[in-house]
Amino acid sequence: MRKRTLITFAATLLVSVALHAQTVDEILDKNAAAKGGWEKLRALKSVRMSGKMQMGGMEAPFVMVKSRPEQVRMEFTVQGMTGIQSYDGSTGWMVMPFMGKKDPEQMSGDMLKDLKEQADFDGPMVDYAKKGNKVELLGKEEIEGTPAYKLKLTTKAGDETIVFVDAESFLEIKMQAKRKIQGQEIEAETSLGNYQEFGGMLFPTSIEMKPKGAPAGQTITIDKIELNPTLAGEYFAMPKAAKAEVKQ
């Protein structure tokens with residue numbers, strides 16, 4: 001009887017320890033540590049990434065710059081023409097010469113919402129409670145043979161994303177997101193890999209995005225990452241002349 005009690009106690013203790021090791025906040029702390037640590041992450045004010053996007057036979061060089069707290073600008077070149085998408089913390093705008101539009105235009109709707117999400121410098125899971133977001137641990141799941149923690153992120157706006165964090169490295173390896181685009185719900189998958197060190201911090205340099213279940217999609221390869229680059233004061237802002245024309 002005593003032996004069975006000891007076995008039961010030991011099993012309960014192991015389960016308790018396992019559950020404690022799998023709390024959301026502990027996973028996020030280990031995720032931050034794997035990338036370089038909270039101190040380095042908090043000290044990072046801006047980042048410039050350059051590389052190429054590829055979809056099918058089309059390849060487009062790009063540069064993406066992000067700055068605290070919520071600023072982002074991306075430039076990409078296709079067939080000699082350069083497109084721009086930017087958000088300065090209040091206004092989203094774009095230049096799309098491939099669509100016959102060479103002047104800056106304000107963004108709205110789903111495009112603006114998506115750009116604002118990208119502008120969140122630390123991402124929606126960092127300080128998630130302060131941002132009105134929710135993160136839940138749904139257990140573990142294997143992703144192509146790799147055991148991973150399965151986290152469910154629900155943003156303040158109600159958007160849901162499943163984030164898979166490698167159970168050994170504690171780095172994100174896959175995301176599954178549901179988004180409404182023009183009233184239609186779309187499911188997409190993003191795979192992250194080939195983490196490389198830049199300035200003592202780890203970043204994924206291979207990113208593949210595709211509709212859920214599709215054999216292929218868009219691949220992003222990052223060649224260079226600059227930490228805290230010097231940026232012009234109006235770098236993210238919509239050109240004033242164009243902004244004035246929109247208001248008229």
Side-chain angles (χ1 to χ4, degrees), residues 35 40-53 55 59-128 130-133 155-159 161 177 179-182 190 198-199 201 203-205 207 209 218 220-248:
K35 293 176 180 178
K40 286 184 179 180
L41 290 171
R42 301 291 191 190
L44 188 61
K45 303 302 181 185
S46 60
V47 61
R48 180 188 288 125
M49 305 179 182
S50 55
K52 57 182 178 292
M53 298 184 291
M55 181 179 288
E59 186 173 285
F62 78 91
V63 175
M64 174 182 277
V65 181
K66 298 181 71 172
S67 178
R68 289 190 185 277
E70 293 180 316
Q71 295 178 309
V72 64
R73 174 168 171 153
M74 183 171 180
E75 299 185 15
F76 50 99
T77 303
V78 179
Q79 296 179 342
M81 296 181 288
T82 299
I84 303 173
Q85 293 182 329
S86 186
Y87 180 72
D88 65 0
S90 60
T91 301
W93 59 278
M94 62 182 175
V95 177
M96 291 293 171
F98 347 94
M99 301 170 64
K101 299 178 179 181
K102 297 183 179 181
D103 297 323
E105 295 182 344
Q106 283 194 19
M107 279 187 177
S108 60
D110 294 324
M111 289 187 70
L112 177 59
K113 181 181 176 183
D114 182 60
L115 195 62
K116 288 175 70 174
E117 286 182 8
Q118 292 183 48
D120 185 340
F121 192 82
D122 292 311
M125 291 200 299
V126 174
D127 298 328
Y128 63 90
K130 291 181 181 179
K131 295 174 182 177
N133 302 335
T155 66
K156 185 178 180 180
D159 293 325
T161 302
R179 295 290 184 273
K180 281 191 176 181
I181 300 177
Q182 296 180 347
T190 301
F198 296 89
M201 301 177 67
F203 295 85
T205 61
I207 302 168
M209 298 178 290
Q218 182 185 64
I220 296 175
T221 303
I222 298 172
D223 302 317
K224 183 180 180 182
I225 296 180
E226 302 165 76
L227 307 184
N228 296 319
T230 301
L231 304 173
E234 299 295 316
Y235 182 75
F236 300 97
M238 185 175 180
K240 292 181 180 179
K243 198 169 183 179
E245 289 177 8
V246 170
K247 289 182 178 180
Q248 290 178 357

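The residues of the chain are indexed from 1 along the displayed sequence. These numbers come from a predicted model, not from an experiment.
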Could you pull out all residues at least two apart from F76 that satisfy ring-ring contact (aromatic ring centres under 6.0 Å, His included)? F98
Minimum heavy-atom separation for Y87 to F236, with atom names? O-CB, 4.0 Å
Could you note down all residue pairs passing side-chain hydrogen bond (donor to acceptor under 3.5 Å, both in side chains) where residues 220-239 supplies at least one of them, sequence neighbours left out? R48-E226
Heavy atoms of A60 and V78 approach each other most closely as CB-CG2, 3.8 Å
Using the ring-ring contact (aromatic ring centres under 6.0 Å, His included) rule, collect all pairs that involve residues 103-122, keeping only residues at least two apart or in two chains. none
Those residues that, when tested against D114, pass side chain to side chain donor-acceptor pair (under 3.5 Å) (two or more places apart): Q118
Counting N and O atoms only, with roles assigned by atom type, does the side chain of R68 sit under 3.5 Å from a partner on the main chain of L44, one being a donor and the other an acceptor? yes
Taking side chain to side chain donor-acceptor pair (under 3.5 Å) as the test, write out the residues that go with K35, two or more places apart. N31, E172
Go through the structure and list residues passing side chain to side chain donor-acceptor pair (under 3.5 Å) with N133, not counting sequence neighbours. none
Not counting sequence neighbours, which residues clear salt bridge (Lys or Arg N to Asp or Glu O under 4.0 Å) with E70? List them please. none
Identify, with sequence neighbours excluded, every residue that meets side chain to side chain donor-acceptor pair (under 3.5 Å) alongside K156. none
Between P97 and G83 the two heavy atoms that sit nearest each other are CD-CA, 4.0 Å
What residues, two or more places apart in sequence or in another chain, satisfy side-chain contact (heavy atoms from CB on, under 4.5 Å) together with Q218? M53, M55, M209, I220
So do the side chains of M201 and I225 get within less than 4.5 Å of each other, counting heavy atoms only? no
So D159 and K113, do their side chains get closer than 4.5 Å, heavy atoms only? yes
Can you pull the side-chain hydrogen bond (donor to acceptor under 3.5 Å, both in side chains) pairs that have at least one residue in residues 71-81, sequence neighbours excluded? R73-E75, T77-T82
Any donor-acceptor pair under 3.5 Å from S86 side chain to V72 backbone: yes
I'd like to know if the side chain of K66 reaches the main chain of M49, judged simply by a donor and an acceptor atom lying under 3.5 Å from each other, with no hydrogens or angles considered. no
Flag side-chain contact, heavy atom, 4.5 Å: D88 against W93: no
Are M96 and Q85 packed together at the side-chain level, in the sense that at least one heavy-atom pair is separated by less than 4.5 angstrom? yes
